[in-house]
Student: 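Pasting a structure here, questions to come.
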Amino acid sequence: MSNLPSQPAPARLAIVGGGPAGLFAAEIARAAGLQVDLFDAMGSVGRKFLIAGKGGLNLTHSEARPAFDARYRERQHPVAGWLDGFDAAALRAWAAARGVETFVGSSGRVFPVDLKAAPLLRGWVRSLRDAGVRFHVHHRWTGWAPDGHLRFETPAGVVLHAADASVLALGGASWPELGSDGAWVPVLAADGVDVAPLAPANCGFDVDWSAHLRERHAGAPLKPVVLHWHDAHGVAHALQGECVLTATGIEGSAVYAAAADLRDLIARDGVATLTLDLAPGRDLDRLQEALLRPRGRRSIGEHVRRATGLDAVKSALLFEVLPREAFDDASRLAATIKRLPLRLQAPRPVAEAISSAGGVRLEALDTRLMLRSRPGTFVAGEMLDWEAPTGGYLLTACYASARVAALGAIDWLAARA
Ligand SMILES: Cc1cc2nc3c(=O)[nH]c(=O)nc-3n(C[C@H](O)[C@H](O)[C@H](O)COP(=O)(O)OP(=O)(O)OC[C@H]3O[C@@H](n4cnc5c(N)ncnc54)[C@H](O)[C@@H]3O)c2cc1C
């Protein structure tokens with residue numbers, strides 16, 4: 001028996017949710033010497049991160065700050081504080097330290113050179129395990145026991161876990177089949193935490209298409225187009241990009257970029273108008289001149305396509321919004337090609353969206369992202385109430401907030417030791 005004084009046991013941190021936010025919090029906390037147990041409802045961690053890899057894993061964006069910060073809209077100031085500690089350059093350096101070099105694509109988006117998420121995730125989880133992070137999969141967190149223990153449902157029944165502090169990183173409610181289903185919302189709300197309802201972000205919208213358009217053109221890309229819309233403050237926006245017509249309406253990267261404004265308008269007014277320029281770079285007068293050329297024996301649709309160069313999908317959209325007689329009016333037709341109004345009826349459900357708006361309101365947390373109502377419980381990632389467009393801004397804020405929460409937990413535990 002040694003007479004040396006025994007070392008105090010390391011503080012125990014529980015991390016609930018094994019997406020990028022939970023994994024990054026685990027990495028930081030373990031490096032600081034905490035005992036880290038990471039729980040996830042699914043049979044493996046990082047499923048949404050892996051799916052993001054299907055799009056090439058857009059890790060972050062090369063846009064300079066403060067323009068970068070402005071992508072977080074109403075929450076840009078608190079998010080900027082998180083980014084001060086861990087920004088796009090830090091995220092790229094982090095990936096490089098794991099042997100994953102990144103490059104800036106033509107749009108300014110940043111991707112791993114191999115455009116894959118799986119090798120990065122695999123190496124990351126392995127290094128966390130090697131560092132001593134204990135993974136507990138098939139553990140669905142359902143709240144707290146009366147004594148404060150974390151309560152999990154597992155295949156073996158209910159498990160209670162004692163921790164000195166915890167980080168919740170449960171994600172939003174998009175693509176619930178990947179694990180983040182938003183089931184935590186009523187749990188936290190019942191605990192007195194102020195949670196903004198989860199809402200679709202980076203989502204498509206419903207349009208009341210004719211049966212003809214649905215049957216003939218669902219799934220067709222619409223490119224290039226310029227989207228014009230107004231936000232809830234009446235400010236006009238325009239963006240050139242690509243969309244896809246779907247059986248229920250319209251989606252795609254350009255629509256996602258406008259989605260937060262359009263969603264808010266629909267919530268306020270019941271409907272929103274998205275206006276499409278189907279012929280970017282073509283002058284209105286030239287289009288009109290071309291349409292005035294004799295049609296001969298050609299059908300109207302063929303005449304429009306030949307005169308304007310529009311493809312079948314774009315010309316089908318004209319038939320959606322114009323009455324038959326308008327096709328004899330070259331001026332009205334040309335004006336509609338340059339400004340085709342689409343009536344958006346509703347955003348698609350959050351389960352179909354790329355990400356969620358809403359979540360734990362930042363006012364419910366202190367600057368370390370600790371719940372004011374439950375000291376020792378920190379919150380990180382998409383389950384916080386911020387939103388951003390696609391482009392790598394989502395993952396960047398997940399990492400940056402995870403770092404704040406993990407450092408907050410480390411400090412809080414140190415102060416209590
Ligand atoms: C198709 C698609 C593509 C995307 N592509 C990109 C991209 O290229 N770039 C980008 O920046 N962003 C992208 N995103 C968004 C990005 O993946 C998310 O913002 C990010 O994964 C959120 O990280 P998170 O750790 O907060 O939550 P999540 O990644 O959602 O992880 C949350 C984890 O918590 C677990 N969990 C949930 N509830 C419980 C519970 N009750 N108990 C235990 N565990 C629970 C889940 O199983 C999950 O593992 C994409 C999203 C989708 C759907």
Side-chain angles (χ1 to χ4, degrees), residues 14-26 37-61 71-72 88 91 102 105 107 109-112 115-117 120-121 124-125 135-144 150-154 159 161 166-188 198 200-203 251 253 256 350-357 359-360 369 379-402 405:
I15 294 183
V16 192
L23 294 172
F24 197 45
D37 287 274
L38 187 143
F39 300 86
D40 201 287
M42 303 298 279
S44 61
V45 297
R47 293 191 179 201
K48 198 173 276 184
F49 190 77
L50 275 183
I51 291 289
K54 291 211 163 164
L57 190 65
N58 181 194
L59 259 187
T60 186
H61 202 286
R71 302 290 175 178
Y72 300 93
L91 183 44
T102 52
S107 58
R109 295 173 181 225
V110 174
F111 301 91
L115 297 172
K116 288 181 182 158
L120 181 56
L121 180 68
W124 192 9
V125 171
F135 285 80
H136 310 265
V137 294
H138 293 304
H139 276 62
R140 172 168 297 281
W141 179 71
T142 55
W144 290 274
L150 296 164
R151 187 179 181 283
F152 295 95
E153 277 167 15
T154 77
V159 168
H161 178 83
S166 54
V167 175
L168 301 178
L170 301 162
S174 75
W175 292 49
E177 63 275 23
L178 301 176
S180 0
D181 56 8
W184 54 265
V185 173
V187 177
L188 288 191
L198 297 180
N202 296 298
C203 58
E251 64 178 28
S253 55
Y256 299 158
V350 64
E352 292 177 24
I354 296 292
S355 59
S356 306
V360 176
L369 299 179
V379 185
E382 199 180 312
M383 70 182 286
L384 292 168
D385 180 22
W386 55 271
E387 65 174 310
T390 58
Y393 302 101
L394 297 166
L395 282 172
T396 309
C398 288
Y399 277 82
S401 61

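As the structure is a computational prediction, the values presented were derived from the model and not from experiment. Nothing fancy with the numbering, it's 1 onward along the sequence. Order of appearance sets the numbers: ligands from 1, and atoms from 1 within every ligand.
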Student: Does any N or O of ligand 1 fall below 3.5 Å from an N or O anywhere on Leu395, backbone included?
Tutor: yes
Student: With sequence neighbours left out, write down each residue that passes side chain to side chain donor-acceptor pair (under 3.5 Å) with Ser44, or none if nothing qualifies.
Tutor: Arg47
Student: Give me the residue, atom name and distance of the protein heavy atom closest to atom 34 (O) of ligand 1.
Tutor: Gly17 CA, 3.3 Å
Student: Given that the side chain starts at C-beta and the backbone is N, CA, C, O, which of these parts of Cys398 lies under 4.0 Å from ligand 1, counting heavy atoms, or is it both or neither?
Tutor: side chain
Student: Could you point out which residue of Asn202, Leu395, Asn58 forms a side-chain contact (heavy atoms from CB on, under 4.5 Å) with Thr390?
Tutor: Asn202
Student: I need the atoms of ligand 1 closer than 4.0 Å to a non-hydrogen atom of Ala41, numbered in the order shown.
Tutor: 42 (N), 43 (C), 44 (N), 45 (C)
Student: If the condition is salt bridge (charged side-chain N to carboxylate O under 4.0 Å, His left out), which residues does Arg140 pass it with, not counting sequence neighbours?
Tutor: Asp181
Student: When rounded to the nearest 0.5 angstrom, what is the spacing between CG in Leu178 and CG in Leu50?
Tutor: 9.0 Å
Student: How far is atom 15 (C) of ligand 1 from the closest protein heavy atom, and which atom is that?
Tutor: Leu394 CD1, 3.8 Å
Student: Name the closest protein heavy atom to atom 4 (C) of ligand 1, giving the residue it belongs to and the distance to 0.1 Å.
Tutor: Ala52 CB, 3.6 Å
Student: To the closest 0.5 Å, what do you measure between NE2 (His136) and NE2 (His138)?
Tutor: 13.5 Å
Student: Does some side-chain heavy atom of Phe49 sit less than 4.5 Å from a side-chain heavy atom of Leu120?
Tutor: yes
Student: Report the distance from atom CG of Asp37 to atom CD1 of Ile15, rounding to the nearest 0.5 Å.
Tutor: 9.0 Å
Student: Need the ligand 1 atom indices (1-based, order shown) with element for anything under 4.0 Å from a heavy-atom of Ala21.
Tutor: 25 (O), 26 (O)
Student: Heavy atom under 4.0 Å from ligand 1: found in Met383's side chain, backbone, both, or neither?
Tutor: neither
Student: Heavy-atom distances under 4.0 Å decide this one: backbone, side chain, both or neither, for Trp175 against ligand 1?
Tutor: side chain
Student: Taking only heavy atoms of Ile51 into account, list the atoms of ligand 1 that are under 4.0 Å away from them.
Tutor: 1 (C)
